[in-house]
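Lettering follows sequence order; numbering is per chain, from 1. The figures here come from the full heavy-atom set of this structure, side chains too, leaving out hydrogens, waters and symmetry mates.
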Protein chains: 2
Amino acid sequence: MVRPPKTQQTPNLRRSILDTAWLQIAQLGAPALSLRGIARALGITAPAIYNYYPDRDALVTALIIEAYTSFGGAQLAARDSVPAEDLEGRMVAIGNAYRQWALTYPERYQLIFGTPIPGYATPMEQVFPAAARSLSALVSVVDALRLAGRLNAPDFPPPHPDFLPVFEMWQKFGDEYNPLSLSVAILIWTRVHGIVSLEIGRQIPPFGPDGAGLYEYEMQSIKKQFFIR
Amino acid sequence: MVRPPKTQQTPNLRRSILDTAWLQIAQLGAPALSLRGIARALGITAPAIYNYYPDRDALVTALIIEAYTSFGGAQLAARDSVPAEDLEGRMVAIGNAYRQWALTYPERYQLIFGTPIPGYATPMEQVFPAAARSLSALVSVVDALRLAGRLNAPDFPPPHPDFLPVFEMWQKFGDEYNPLSLSVAILIWTRVHGIVSLEIGRQIPPFGPDGAGLYEYEMQSIKKQFFIR
DNA sequence: AGATTTATATAAACACTGTATATTTACAAC
DNA sequence: GTTGTAAATATACAGTGTTTATATAAATCT
């Protein structure tokens, strides 16, 4: 039986491959992702996957885009759960959602921001839209702060001249684009990423009774530094 | 010829294995590390390595300890290059050495702080001494700041009660141990790590004419936040 | 010196991995 | 009803870490 009749085939195999990949990643971690393992779980042979993804890296890229989409959705939902006038509240909501998503899906977080897949290099031109969207929630709040004259970021360093084209690419993703706001958002991002990445990598111990103490302290520091009240 | 005479053997094979591993990591990245590849480069067979390291993970652990030792040495040397009275100068020196080491050895940095080896989990009980030493440079400066009454860290969150034993383990590594100083050092570490890890992962663009703009801005912010002058 | 033990390598094999190629067959269109 | 295409399998190749058995150089003991 070289090709099973359609009744015995997995419907929506393209979708099922991704679902099974997520299952494997959640259970065994991203580095253990294996085409043959996915095929085994689906009851098909490994080369069948090549009908839907040209190679393993293409599958990983699809997974990364899905992860970014989920992550960005959580970020935007958190922002929009607070009235637009309450910029402090929006910032805190985004920050909490950031850590919460990472703790809920640590493997997805490492898939996006780490380098857990051997030999894989993210094709940024494909991933950029989803990645930019996920940062746009924070950018929009920083920019609202700036427009309200409440952004405290004196002498902020400009991006390297070579990267002005990349900065300009951002204009495609919302008209709230502003170089300073984007730059400040990137810096804030490095700060939450620093804590969260070490936290899920179990390289720093938890702080406070519920483990969030250090993160909350850092969010307060970020607000104090950048918000003019 | 099942065993070649000693004149044809690689002298100090244990050491040569590590050296060759570093070569491979520098050239192809940590995830591409392969026992067979090392053996090939050394002109031996792969199972010969098992006479010196019980499995691949043991070799990786040895590499991580070496990387931490190199990293910690750079941190301590940077601290000691500035007079003990100049705490600001020491902090800046440590911070610059941190980024410089990471940019010089990005694969080693990811080997230590990332998760680039599929299926590998760091055995902390083995790595702890080398890891603690590498943070001790920063801890000692923060503690000197505290002892001078110049540390500004009000309401800093305490470590989670479950991790008090880990905090107490630090007492073995220098008598300058203090829970608050260690905690603040950890937070400062998350901030430099946040920038540096995203920088070497090419996930943020460089800032300023030489690419260090964002990092220098962040070091200034750290000083402003924690130093009482 | 000769026998014995130990250390250190190779050889061969196993179970994996991603991937390329050829083959087979179900299904759709003319 | 024939033809063409799409989607799967079968097979194979080169790579990986690791295990086992085996051979021999070197060290030790008598």
Validation: residues 194-202 of chain A side-chain donor-acceptor distances under 3.5 Å, sequence neighbours left out:
{"residue": "S197(A)", "atom": "OG", "partner": "H193(A)", "partner atom": "O", "Å": "2.9"}
{"residue": "S197(A)", "atom": "OG", "partner": "G194(A)", "partner atom": "O", "Å": "3.4"}
{"residue": "S197(A)", "atom": "OG", "partner": "H193(B)", "partner atom": "NE2", "Å": "3.4"}
{"residue": "E199(A)", "atom": "OE1", "partner": "R99(A)", "partner atom": "NE", "Å": "3.1"}
{"residue": "E199(A)", "atom": "OE2", "partner": "R99(A)", "partner atom": "NE", "Å": "3.2"}
{"residue": "E199(A)", "atom": "OE2", "partner": "R99(A)", "partner atom": "NH2", "Å": "2.6"}

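For the side-chain hydrogen bond (donor to acceptor under 3.5 Å, both in side chains) test, residues two or more places apart in sequence or in another chain that qualify with T61(B) are Y120(B). With sequence neighbours excluded, the residues that form a ring pair (Phe, Tyr, Trp, His ring centres under 6.0 Å) with Y217(A) are F156(B). Under the side-chain hydrogen bond (donor to acceptor under 3.5 Å, both in side chains) criterion, N96(A) pairs with no residue, sequence neighbours left out. Scored by the side-chain hydrogen bond (donor to acceptor under 3.5 Å, both in side chains) test, Y215(B) finds no partners at all (sequence neighbours excluded).
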Between the protein and nucleotides 13-17 of chain D, list the N/O to N/O atom pairs that are separated by less than 3.5 angstrom.
{"residue": "dT16(D)", "atom": "OP1", "partner": "S34(B)", "partner atom": "OG", "Å": "3.2"}
{"residue": "dT16(D)", "atom": "OP1", "partner": "R40(B)", "partner atom": "NH2", "Å": "2.9"}
{"residue": "dT16(D)", "atom": "OP2", "partner": "R40(B)", "partner atom": "NH2", "Å": "2.7"}
{"residue": "dG17(D)", "atom": "OP1", "partner": "L35(B)", "partner atom": "N", "Å": "2.6"}
{"residue": "dG17(D)", "atom": "OP2", "partner": "L35(B)", "partner atom": "N", "Å": "3.2"}
{"residue": "dG17(D)", "atom": "OP2", "partner": "R36(B)", "partner atom": "N", "Å": "3.0"}
{"residue": "dG17(D)", "atom": "N7", "partner": "R36(B)", "partner atom": "NH1", "Å": "2.4"}
{"residue": "dG17(D)", "atom": "O6", "partner": "R36(B)", "partner atom": "NH1", "Å": "2.8"}

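Residue R36(B) holds its CZ atom at 9.5 Å from OG1 of T45(B), rounded to the nearest 0.5 Å.
In this structure, the CD1 atom of I38(A) is 17 Å from the P atom of dC16(C), given to the nearest Å. Atom P of nucleotide dA11(C) and atom CD1 of I49(B) are separated by 15 Å, given to the nearest angstrom. Rounded to a whole Å, the CG atom of L59(A) is 14 Å from the P atom of dT17(C). Between I44(B) atom CD1 and dT8(C) atom C1' there is a gap of 11 Å when expressed in whole angstrom units. Rounded to a whole Å, the OH atom of Y52(A) is 18 Å from the C1' atom of dT19(C). Atom OH of Y53(B) and atom C1' of dT18(D) are 18 Å apart (whole Å).
Here the nucleotide nearest the side chain of N51(B), chosen from dT8(C), dT10(C), dT9(D), is dT8(C).
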